[in-house]
Amino acid sequence: MDLLNLEWGVIWNYRDMFIRGVGITLVLTLAGYCGGIVLGLLLGLGQVSTKKLIYWPCKIYVDLIRGTPMLVQIFIIHFALFPTIFGHSLGYMVSGITALIINCAAYNAEIFRAGIQSIAKGQMEAARSLGLTYGQAMRKVILPQAFRRMIPPLGNEFIALLKDSSLLMVIAAPDILYTSKVIAGATFRQWEPYLFAALLYLILTYIATKVIAFIEKRYSNTYIPRKAKGRLAR
């Protein structure tokens with residue numbers, strides 16, 4: 001078989017499996033990313049804390065997760081951690097989402113830390129001088145300003161997580177890549193399913209890129225709504 005002899009009918013025959021694979025890929029990625037945002041924010045705040053009991057555990061977590069391959073983390077969670085705690089595996093969905101949250105949170109924590117520390121210290125001092133507590137100043141003054149700067153790296157992390165979710169194939173998560181592997185084994189055709197899987201990932205990342213670009217533009221300092229543009233023109 002060569003590239004000039006592709007039979008795309010194979011893809012059509014297994015279209016239901018691919019649709020399910022896309023759905024599972026999106027569910028795993030979105031759940032992992034949302035969990036990673038929440039945990040990453042807590043870790044990021046911990047890394048800017050002046051209290052050593054808060055700072056060091058957060059710092060060690062981030063360095064440990066970022067310094068080890070995600071594939072190893074998936075194996076540990078699915079084959080070692082959960083069976084040790086619960087006596088058996090909890091399935092690809094629980095293990096997969098947990099692995100994605102743990103991994104994504106470490107990278108998001110660095111984004112939150114860098115974003116918070118990029119805001120001038122005078123902002124915090126000014127907020128505290130107005131009577132706000134540390135938490136109120138962080139929530140109402142620092143984080144809103146830092147969020148605009150965090151949008152591009154947070155978007156990049158989402159796209160990276162979307163592609164990295166294909167690693168969950170090793171624990172039999174029926175995502176896009178696992179579906180392609182199954183179809184290739186059933187039909188003995190390698191090019192069509194894997195090329196189509198690459199195309200699906202490309203489409204998903206392209207859509208994500210456009211959504212992130214819109215959000216980035218929407219929250220930029222130079223954004224002007226269309227209605228406002230019309231009024232300005234008149």
Side-chain angles (χ1 to χ4, degrees), residues 26 28-70 72-74 76-77 96-165 167 205 207-225:
L26 290 176
L28 289 169
T29 303
L30 290 173
Y33 187 74
C34 291
I37 285 285
V38 175
L39 182 57
L41 176 59
L42 296 176
L43 291 168
L45 291 172
Q47 286 196 108
V48 297
S49 174
T50 55
K51 297 179 180 178
K52 293 183 178 180
L53 283 176
I54 297 176
Y55 170 80
W56 279 110
C58 296
K59 174 69 173 171
I60 292 171
Y61 175 94
V62 171
D63 289 346
L64 179 65
I65 298 301
R66 294 181 72 205
T68 54
M70 187 176 179
V72 176
Q73 297 163 14
I74 293 171
I76 291 175
I77 291 169
I97 291 175
T98 303
L100 293 180
I101 289 175
I102 288 174
N103 186 272
C104 180
Y107 289 92
N108 282 341
E110 280 296 281
I111 295 171
F112 284 117
R113 179 197 59 77
I116 292 170
Q117 291 181 337
S118 70
I119 303 301
K121 292 183 178 179
Q123 295 285 317
M124 174 60 79
E125 294 170 357
R128 296 300 301 272
S129 67
L130 292 174
L132 298 179
T133 64
Y134 179 83
Q136 290 173 330
M138 187 64 73
R139 190 174 69 255
K140 296 181 178 179
V141 178
I142 304 300
L143 284 178
Q145 297 182 71
F147 177 70
R148 290 180 174 176
R149 302 179 183 182
M150 296 175 193
I151 292 175
L154 286 175
N156 289 336
E157 175 57 25
F158 177 80
I159 292 173
L161 193 70
L162 175 63
K163 292 182 289 186
D164 288 346
S165 67
L167 293 173
T205 54
I207 294 172
T209 301
K210 289 298 181 183
V211 173
I212 293 163
F214 172 77
I215 296 173
E216 184 179 357
K217 181 180 178 182
R218 175 67 181 78
Y219 286 95
S220 68
N221 292 327
T222 57
Y223 175 76
I224 301 176

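Quick caveat, the model's predicted, so the values are computed rather than measured.
The list of side chain to side chain donor-acceptor pair (under 3.5 Å) pairs with a residue in residues 149-164, not counting sequence neighbours, reads S118-R149. For the salt bridge (charged side-chain N to carboxylate O under 4.0 Å, His left out) condition, the pairs that include at least one residue of residues 112-138, sequence neighbours left out, are E110-R113. Residues in residues 32-60 take part in these salt bridge (charged side-chain N to carboxylate O under 4.0 Å, His left out) pairs, two or more places apart or across chains: K59-D63.
How far CE of M150 is from CG of L143: 6.0 Å, rounded to the nearest 0.5 Å. If you take CG on L41 and CG on N108, they are separated by 9.5 Å, rounding to the nearest 0.5 Å. To the nearest 0.5 Å, the span separating SG on C104 from CD1 on I111 amounts to 8.0 Å. Atoms CD1 and CE, on I116 and M138 in that order, are 5.0 Å from each other to the nearest 0.5 Å. To the nearest 0.5 Å, atom CG of residue L161 and atom CG of residue L100 are 5.0 Å apart. How far CD1 of I159 is from CG of L154: 11.5 Å, rounded to the nearest 0.5 Å.
At a threshold of 4.5 Å between non-hydrogen side-chain atoms, the residues I142 and Q123 count as touching. Counting only heavy atoms from C-beta outward, the side chains of F112 and L42 never approach each other to under 4.5 Å. In this structure, I102 and Y61 have side chains that are in contact, with non-hydrogen atoms separated by less than 4.5 Å.
When atom types are taken as modelled, the side chain of Q117 and the backbone of V48 share no donor-acceptor pair closer than 3.5 angstrom. Using modelled atom types, one side-chain atom of S165 and one backbone atom of L162 make a donor-acceptor pair closer than 3.5 Å.
Summarising the geometry of Q47 relative to A109, their closest heavy-atom pair is NE2-O, 3.8 Å, with the distance given to 0.1 Å. Residues G46 and C58 approach most closely at CA-SG, 3.7 Å, considering heavy atoms. Annotation for Y33 and G155: closest pair OH-N, 4.3 Å, computed over non-hydrogen atoms. Between A31 and I97, the shortest heavy-atom contact is CB-CD1, 3.7 Å.
Applying the 6.0 Å contact sphere to CG of L53 captures no more than 12 heavy atoms from other residues, nucleotides or ligands.
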